[in-house]
Amino acid sequence: MSIFDTEVIKGFIRMCNDGFEQGWHERNGGNLTYRMRTQEVLQCKPYFKVKGEWTKMSVSAKNLAGEHFISTGSGKFFRNVILEPQNNICIVEINSDGDSYRIVWGLENGGVPTSEFPSHFMNHTVRKDATNGETRVIYHAHTTSVIALTYILPLTDKVFTRTLWQSATECPVVFPGGIGVVEWMVPGSTEIAIATSKLMKKYDAVIWAHHGMFASGPDFDITFGLMHTIEKAAEIYLNVLQSNRPVIQTITDNNLREIAKYFGVNLAEEFLDN
Ligand code: 2HA
Ligand code: ZN
C-alpha cells in the first residue's frame, strides 16, 4: 500500500492530468485544492511526514480550522503531477485558529501550496457555508475560450451567464445559478481572493477577466464537469462569432425557462430579459 492507492489521491492526480490534457494548464498555470473527509485523512495519515512550522496566511476562516487540504504546489506544473505527484502536490493541515497551515505530506523536493491558496481558502470557507459542507473542490484553470470572451463581452455576470446559457442547451441545467465575473486584478493577491469569495457566496463558478476561471463542487467529477461545460459553451460561442455568418436563431429566454422547468432546476431569472 502507498498513499497513491487511496481513491482521493488517485482522483486528485487524475483531475490534474485531465485539466492538462484539455490545454488549460500551460507551464505552472492553474491550481487545485480539495478539502478532505475525515475518513480520507485517516487513510493518508500513515504516510504523513510533518515538516516545518506553521505558516501564517493572509486570510483566515474559523470554519476551516483543523481541516486538511490536498493542494497543487506553487510554481509546479500540472503536466508533471501524474509523473511525480510527491514532488508536485501536497497535503496541508490548517491550525485550530484557521489562520495558518503546515505541510504534512508531499512537495518532497521543497515548495509551498499554490500561489492562489488565499483565493482557494476564501472560496472554501464561503462555499462550505453556502452548501452546508458539501463543497470540497476548488479548481482554477486557464480556460482558453472563456479568457478570450473576457476581451469582447462586457464584464458583467448577466452578460456572461446569459451568453453561455444560450450557447449550449446543457448549460442552464449545469449552472442554473449563473456565473460571476471578476474584473482584471493581480493574481495571488488577497484583494482578488476577497472579490472572488464575495461572488462565490452566490455562484459555484467565477470568471477572472483575462486570466481564467474558478469552479467549485462536491467532488472531482462535478467540478471538472462544470469547468468543462462552461469552457465548451464559450468555445461554441467563439466558433459562431468566427463563422462570419449572422446568428439566425438561438435558445430564447423562454426556451431557457422550459429547460429549467423540465429538468427541475431553479434558473436565476435575473439573467433573463423577456
Ligand atoms: O498557478 O494560475 O493564477 C499559477 C496561476 C496563478
Ligand atoms: Zn491562474
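All heavy atoms count here, side chains included; hydrogens, waters and symmetry mates do not. Ligands are counted one by one from 1 in listed order, and the atoms in each one are counted from 1 as well.
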Tell me if the centroids of the rings in [X] and [Y] come within less than 6.0 Å of each other.
X	Y	value
His120	Phe69	no
Tyr203	Phe175	no
His142	His211	yes

Partner of Arg35 by salt bridge (Lys or Arg N to Asp or Glu O under 4.0 Å), out of Glu93, Glu67, Glu134 | Glu67

Please identify which atoms of ligand 1 are closer than 4.0 Å to at least one heavy atom of [X].
X	result
Asn31	1 (O), 2 (O), 4 (C), 5 (C)
Glu116	3 (O), 6 (C)
His140	2 (O), 3 (O)
Gly30	1 (O), 2 (O), 4 (C), 5 (C)

Ligand 1 to Trp208 polar contact by distance, N or O atoms, under 3.5 Å = no

Thr150 side-chain N/O to His210 backbone N/O, donor-acceptor pair under 3.5 Å = yes

Identity and distance of the protein heavy atom lying nearest atom 4 (C) of ligand 1 = Asn28 O, 3.3 Å

